Amino acid sequence: MSDSNSQNDEFLEPKRKECKIEHKDENGVSDSQLELKDFVLEKILNSSTNRKTVCVLGKFKDKSGVAIVFLEKNAFREEDLDNKGYFSVNTELKKFFQNDIYGNFECFPPASINGVKTTIIYPATDKHIAKFSQQQVHIVLETPELYDKLTLPHLEKEQFNLQWVYNILEGTSEQDRIVHDNKCEREGFVLLPDLKWDGVTTETLYLLAIVRQRGIKSLRDLDETHLPLLRRIRDEGKKKILEKYNVAGSQLRIYLHYQPSFYHLHVHFTYLKHEAPGIYAEKSHLLDTVIDNIEMIGDYYKKATLPFTIREMDNIFNIYETNGHVQRIKQENIELIDK
Ligand code: M7G
């Protein structure tokens with residue numbers, strides 16, 4: 001480990017006391033006092049022309065600590081493609097040129113359908129900055145021995161704070177967003193829209209099932225004792241999404257990440273046609289496959305070699321590098337890969 005303990009403490013617990021954000025509930029008692037007009041840009045961490053996203057680092061005036069602001073242009077919603085939406089009198093059309101039958105314009109639709117999805121992380125830690133920065137990525141093949149020797153000690157020392165997960169499970173945050181709540185302590189879970197989803201646009205549907213049982217860190221911990229829980233997440237999750245969003249189970253990609261960012265077991269539900277971040281082969285494991293593997297071999301995930309990606313700014317990279325499992329790219333100006 002290259003980090004001192006004090007740095008690790010900061011990863012685990014951002015300095016909340018020094019950087020208070022005020023919160024308001026629906027009754028106006030408190031709400032985030034952060035305003036984008038007070039944001040002072042320091043650095044662009046990542047920008048994707050494909051995804052139409054940009055992630056920047058900066059500070060809010062008169063506030064200590066740094067903030068990450070993540071902006072994402074929304075997908076088009078079918079219901080906005082009418083004379084109240086894009087084709088309304090309030091939409092301005094600016095002409096660039098017309099050539100024969102070919103016209104090129106920029107259109108300014110009404111502000112109400114032209115929002116930009118915005119995620120603010122404040123105060124952000126060095127680990128958040130690393131997560132959202134564009135950087136070199138490598139694959140390592142993690143055997144059970146490497147998990148015990150390198151990965152587990154690292155994540156026991158340093159991982160993202162899980163307070164947001166406990167807030168959901170304990171009923172203090174995002175309660176109005178909950179789609180389904182199975183309160184069984186052992187096999188229960190909460191299903192709700194992911195941070196990355198606006199909760200309405202079916203084309204980008206993204207929900208998260210967070211298990212109630214504590215202590216299951218990731219895929220690695222799963223065995224035959226978890227089968228009832230996993231089947232319940234799959235079956236109840238599909239049913240509730242069909243009821244609420246009219247999306248069939250066969251149109252859902254249901255998967256776990258390895259490695260996850262947050263070590264409290266959760267399952268991702270995304271719309272199959274939506275290319276959500278983290279759906280690639282090196283990171284996602286379909287829940288059906290996970291269930292099937294465990295049904296065949298109860299301790300499959302305790303025996304399997306699991307590939308995962310590590311990025312050069314992650315501290316775990318140093319650990320795998322020191323132990324000779326991965327090599328840092330020395331070339332300068334090499335093209336960076338989007339997360
Ligand atoms: P992951 O597999 O641990 O990591 O997924 P990833 O970020 O590499 O995918 C955690 C998931 O939790 C991600 O899809 C996040 O967007 C989502 N998420 C993170 N936070 C902090 C929140 C939150 O506060 N609320 C909700 N609803 N989702 C969150």
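As the structure lists them, so they are numbered: ligands from 1, and atoms in each ligand from 1. Bear in mind that the values here come from a model prediction, so they are computed numbers and not experimental data.
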Nearest-option assignment for [atom], heavy atoms, candidates [options]:
{"atom": "atom 6 (P) of ligand 1", "options": "Pro260, Pro277, Ser261", "answer": "Ser261"}
{"atom": "atom 25 (N) of ligand 1", "options": "Gln159, His264, His268, Glu174", "answer": "Glu174"}
{"atom": "atom 11 (C) of ligand 1", "options": "Thr119, Leu195, Asp194", "answer": "Asp194"}
{"atom": "atom 5 (O) of ligand 1", "options": "His266, His128, His257", "answer": "His266"}

Mind checking whether Ile168 has an N or O less than 3.5 Å away from an N or O of ligand 1?
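In this structure, Ile168 places no N or O atom under 3.5 Å from an N or O of ligand 1.
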In terms of atom number and element, which parts of ligand 1 are under 4.0 angstrom from non-hydrogen atoms of [X]?
{"X": "Tyr206", "result": "14 (O)"}
{"X": "Arg177", "result": "27 (N)"}
{"X": "Lys283", "result": "8 (O)"}
{"X": "Lys131", "result": "6 (P), 7 (O), 8 (O)"}
{"X": "Pro193", "result": "27 (N)"}

Residue Asn246 excluded, over 12 heavy atoms near CG under 6.0 Å
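Counting other residues, nucleotides and ligands, CG of Asn246 stays at 12 neighbours or fewer.
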Residues, nucleotides or ligands: over 12 heavy atoms within 6.0 Å of Glu78 CD:
no
Is it possible for you to check whether Lys59 lies under 6.0 Å from the centre of the six-membered ring of Phe39, through NZ or CZ, and within 45° of that ring's axis?
no
Contacts of type ring-ring contact (aromatic ring centres under 6.0 Å, His included), residue Phe76, not counting sequence neighbours:
Tyr86
Indicate, as side chain, backbone, both or neither, the part of [X] found under 4.0 angstrom from ligand 1 when only non-hydrogen atoms are considered.
{"X": "Phe262", "value": "both"}
{"X": "Ser173", "value": "neither"}
{"X": "Leu208", "value": "side chain"}

Tell me whether the rings of Tyr258 and Phe308 are parallel (<30°), tilted (30 to 60°) or perpendicular (>60°).
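Judged by the thresholds at 30° and 60°, the geometry between Tyr258 and Phe308 is perpendicular.
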Angle between ring planes, Phe317 versus His138, binned at 30° and 60°: parallel, tilted or perpendicular?
tilted
Is there a heavy atom in Gln259 that sits closer than 4.0 Å to ligand 1?
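Gln259: no contact with ligand 1 (<4.0 Å).
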What do you reckon, does Tyr263 put a non-hydrogen atom under 4.0 Å from ligand 1?
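Outside the 4.0 Å threshold, so no.
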Under 3.5 Å, side chain of Arg253 to main-chain N/O of His274, donor-acceptor pair present?
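It does hold such a pair.
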Does a donor on one side chain and an acceptor on the other come within less than 3.5 Å for Glu142 and Thr305?
no
Find the distance between CZ (Phe70) and CZ (Phe132) and round it off to the nearest 0.5 Å.
6.5 Å
Can you list, pair by pair, the side-chain donor-acceptor contacts under 3.5 Å of residues 99-121, counting residues two or more places apart and other chains?
from   : atom 1 : to     : atom 2 : distance (Å)
Lys117 : NZ     : Leu195 : O      : 2.8
Thr118 : OG1    : Val116 : O      : 3.0

